[in-house]
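Read through the structure below, which is laid out as structure tokens, and then see the notes.
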Amino acid sequence: MTSGLQLTVSTGYNDVSSAIGMVYGAETTDMIGQKIKANANQGTLSNHAEGTGSLPYSSISSSDINGNKAGVYRSIYGKPRVTSWNYEWNTYIPYSSSAGNGKGAQLWLNAYNAYTIKGGSYSSNKEGDSANVDTYVSSSYPYTKSSLGNYYTIATAFANEVGAYQRADYTSSGGATTVQGWANNLEKDYSKALINIPKGTINYPTTNVFAGKTGSRVYPTATEISTTGTGSLYAYASNLEGDSSNFNLKVTNGKVTNPNFNAWAGTVFAETWASIPNACGTTTEINTKALDKALGYQEDEHLRRKLTKVLRGEGDFAVKKTNNYAFSNVAVTTRATKNDIKISTSGFGANTALILDPRRWEFVDYTGKDIRDSLMSSLKGKGYAVTYYSDSAVSKDKVRKMDEYKVSVINTHSSPTSLSLSKSSNGVTFDKMYPSELKTDYTEYNGMSLIIGCNSFKLTGSGTWAEAINKANVRGGTTDYWSIKYVRDFTKRFFVNMASGYSAIKANQNAKGLDYAYDANAKWTGGYTVKGLNLQGNGNFVL
């Protein structure tokens, strides 16, 4: 029996070394047994121990003169005679065909009936790469309900790449559990992923992390995640260029089966990807976001419509289910590059929506009004999988895909025969698009399509926007000049009404209000008039 124990061991020579710093929090009623092996010629250590009670934070690491370093760590906050644990760890010399010898460290750990358990590993090299993985399991004090079964983690460091990996048979908790990993390099490519639940179990979680000169990558998986409260699966990637992407799946009081998701970051892209065979709960929601700095131009209203370079683009995706309705075999890929954002989805059914907001910076900067959150919330609340692009992320090819969605809407500056984007193809000004360009690709029959901008449906004959989208069940636009503030407010009111169950024609009536009255030269006449959309087709369309 023992009461408190501290141990420090180091070994090695010249350019290689390993070290252990250990503190045991044993009480007089706890038992500890251990074995330590040291290899001075290779600069490696190994240690096996088992016991009861607490096991304060300790680590074992290995480094060399070339700047390679790898280590593992663990800590357990336990209750005397109730909490039990055993572990083994070591340092070793891994080999890479491209970089030769490196440094490595490994940990095997079991812990049962604890307050908290933590284990992880890390690695780094002289080049500036680093990789980390970490698992944390907790209970609500004073309950000892945390367990971590057959946990294993390994870290390796080479001159050209570092890595870290962790897995376990299960985690079980009466409190929060986090399984995570992250990586970055000198080039500022960064990736991170985590599984987080407030209470529950995670079966067979794994996390694989790499970083090298060309990028960083994080791959987490699990066979089943069961959460009480709102659990989250999250992935994020970014680079020095300004590209970023994130994925977030939230499940409340439910389960996720066999999720496979990851984050990648490289010098020319940032991407998150997820495949979810099954996820359900009282509320289940998927959200992604991507940002880039694609070249675009917009008018600055505060500078009397001076053409202004706007280096920004955004892409978002959102979908939600409630009442234990499940997502089955769905996938989402969100990628940002210097010149584009692309969101690809599958498995979400026919109720899809596309929102295009190419002048978001200009419109929000001028009026303080945004439509993104309101429209996305309205549509996903009706069970739609919603994709949103703004500013320079709205390219011509995205406008041409409006027919691929059941509901589509674009809000921008327009005329009966043209509309303005932000994306710049010539590096001098923004792109413009014409009805013939959309008509060629608008070949599918869909539910509702709206082009909301000044005079967009003033004309309805050949070569107009009304003709370009005439395969939509209900389609519409404006027949007058609309102020920026009014068009944003109207669009929000229209979709709030649609989400409340009103038909398109009724939502149009309910959304109408007073706007400035303009003359033929777009000058305010000093009066006001009631404005709504010119809707054609089946006005009884509902979401």
Side-chain angles (χ1 to χ4, degrees), residues 351-357 359 363-364 367-384 386 388 402-403 405-416 419 445-461 464-520 522 524-543:
N351 283 354
T352 60
L354 175 67
I355 304 166
L356 301 176
D357 196 7
R359 292 300 179 112
F363 291 173
V364 172
T367 67
K369 300 295 182 180
D370 204 346
I371 63 172
R372 179 195 61 192
D373 294 346
S374 178
L375 268 61
M376 293 188 77
S377 178
S378 294
L379 286 160
K380 76 179 180 182
K382 295 295 289 186
Y384 278 71
V386 190
Y388 169 91
M402 290 176 70
D403 69 325
Y405 297 80
K406 187 175 180 180
V407 171
S408 61
V409 57
I410 181 170
N411 174 215
T412 185
H413 295 303
S414 68
S415 74
L419 58 79
Y445 291 87
N446 63 357
M448 181 172 69
S449 190
L450 304 175
I451 297 178
I452 305 179
C454 294
N455 295 307
S456 58
F457 265 49
K458 186 173 184 178
L459 303 178
T460 58
T464 65
W465 294 114
E467 180 197 35
I469 62 173
N470 66 6
K471 287 184 171 61
N473 190 8
V474 59
R475 59 265 181 203
T478 68
T479 58
D480 194 1
Y481 293 103
W482 286 25
S483 68
I484 291 174
K485 181 180 186 306
Y486 181 77
V487 75
R488 305 292 273 189
D489 288 343
F490 174 91
T491 303
K492 291 167 68 173
R493 291 195 299 267
F494 179 86
F495 277 96
V496 167
N497 274 272
M498 291 290 291
S500 297
Y502 291 107
S503 67
I505 193 167
K506 184 62 175 176
N508 191 34
Q509 289 292 330
N510 291 346
K512 285 180 179 179
L514 287 175
D515 189 21
Y516 300 110
Y518 296 94
D519 63 20
W524 181 40
T525 64
Y528 298 87
T529 185
V530 176
K531 294 178 181 177
L533 297 176
N534 174 11
L535 292 179
Q536 300 177 9
N538 179 16
N540 292 320
F541 174 85
V542 294
L543 292 179

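Values below: all heavy atoms of this structure, side chains included; hydrogens, waters and symmetry mates excluded.
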Original post:
CD1/Ile484 to CG/Asp515 distance, rounded to the nearest 0.5 angstrom?
Top reply: 11.0 Å
Original post:
Could you walk me through whether Lys369 and Tyr486 pass the side chain to side chain contact (heavy atoms under 4.5 Å, CB included) check?
Top reply: CA-CA 10 Å; Lys369 300 295 182 180; Tyr486 181 77; over 6 Å; no
**OP:** Could you tell me how the ring of Tyr516 sits relative to the ring of Tyr518: parallel (under 30°), tilted (30 to 60°) or perpendicular (over 60°)?
**Re:** perpendicular
Original post:
In Å and rounded to the nearest 0.5 Å, what is the OG to CD distance from Ser503 to Gln509?
Top reply: 9.5 Å
Subject >> Min side-chain heavy-atom separation Leu419-Ser456 under 4.5 Å >> reply: no
**OP:** Assess whether side chain to side chain contact (heavy atoms under 4.5 Å, CB included) is satisfied between Phe490 and Leu533, documenting all intermediate values.
**Re:** CA-CA 9 Å; Phe490 174 91; Leu533 297 176; 3.5 Å; yes
**OP:** For Lys380, look at atom NZ and say whether over 12 heavy atoms of other residues, nucleotides or ligands are found less than 6.0 Å away.
**Re:** yes
Subject >> Closest approach of Ser449 to Ala472 (non-hydrogen atoms, all atoms of both residues) >> reply: CB-CB, 3.8 Å
Subject >> Note, Arg475 side chain near Phe541 side chain (heavy atom, < 4.5 Å) >> reply: no
Original post:
Hey, mind stepping through Asn473 and Tyr445 against side chain to side chain contact (heavy atoms under 4.5 Å, CB included) and telling me if it holds?
Top reply: CA-CA 7 Å; Asn473 190 8; Tyr445 291 87; over 6 Å; no
**OP:** Using a cut-off of 6.0 Å, state whether more than 12 heavy atoms not belonging to Lys512 lie near its atom NZ.
**Re:** yes
Original post:
Testing Lys485, Lys492, Arg493 for side chain to side chain donor-acceptor pair (under 3.5 Å) with Asp489, which one passes?
Top reply: Lys485
Original post:
Out of curiosity, Tyr502 OH to Asn540 CG, how far, rounded to the nearest 0.5 Å?
Top reply: 15.0 Å
Subject >> Donor-acceptor pair, side chain of Thr479 and main chain of Asn455, under 3.5 angstrom >> reply: no
Original post:
Does Ser377 reach the main-chain N or O of Ser374 with its side chain, forming a donor-acceptor pair under 3.5 Å?
Top reply: no
Subject >> Any side-chain heavy-atom pair of Phe494 and Leu450 under 4.5 Å >> reply: yes
Subject >> Nearest-0.5 Å distance that lies between atom CG in Asp403 and atom OG in Ser408 >> reply: 8.0 Å
Original post:
Would a distance-only check, ignoring hydrogens and angles, find a side-chain to backbone donor-acceptor pair under 3.5 Å from Thr525 to Ala517?
Top reply: yes
Original post:
Do the side chains of Ile355 and Met376 get nearer than 4.5 Å, heavy atoms only?
Top reply: yes
**OP:** Taking the side chain as every heavy atom from C-beta outward, state whether Leu356 and Asn411 have any atom pair closer than 4.5 Å.
**Re:** no
Original post:
Got Ile452 and Ile410 here, is their nearest side-chain heavy-atom distance under 4.5 Å?
Top reply: no
Original post:
Shortest non-hydrogen contact from Val407 to Leu379?
Top reply: CG1-CD2, 4.5 Å
**OP:** Over all heavy atoms of both residues, which pair between Val487 and Trp482 is shortest? Give the atoms and the distance, please.
**Re:** CG2-CE3, 3.6 Å
Original post:
At their closest point, which heavy atom of Ala507 faces which heavy atom of Asn497, and how far apart are they?
Top reply: CB-CB, 3.6 Å
Original post:
So, do Phe457 and Ile469 sit near enough that their side-chain heavy atoms are less than 4.5 Å apart?
Top reply: yes
Original post:
Which value, rounded to the nearest 0.5 Å, describes the distance between Met448 atom CE and Leu543 atom CG?
Top reply: 5.5 Å
Original post:
When rounded to the nearest 0.5 angstrom, what distance separates CG in Asp480 from NZ in Lys531?
Top reply: 4.5 Å
Original post:
side chain to side chain contact (heavy atoms under 4.5 Å, CB included) between Asp357 and Arg488: does it pass, once the steps are laid out?
Top reply: CA-CA 11 Å; Asp357 196 7; Arg488 305 292 273 189; 2.8 Å; yes
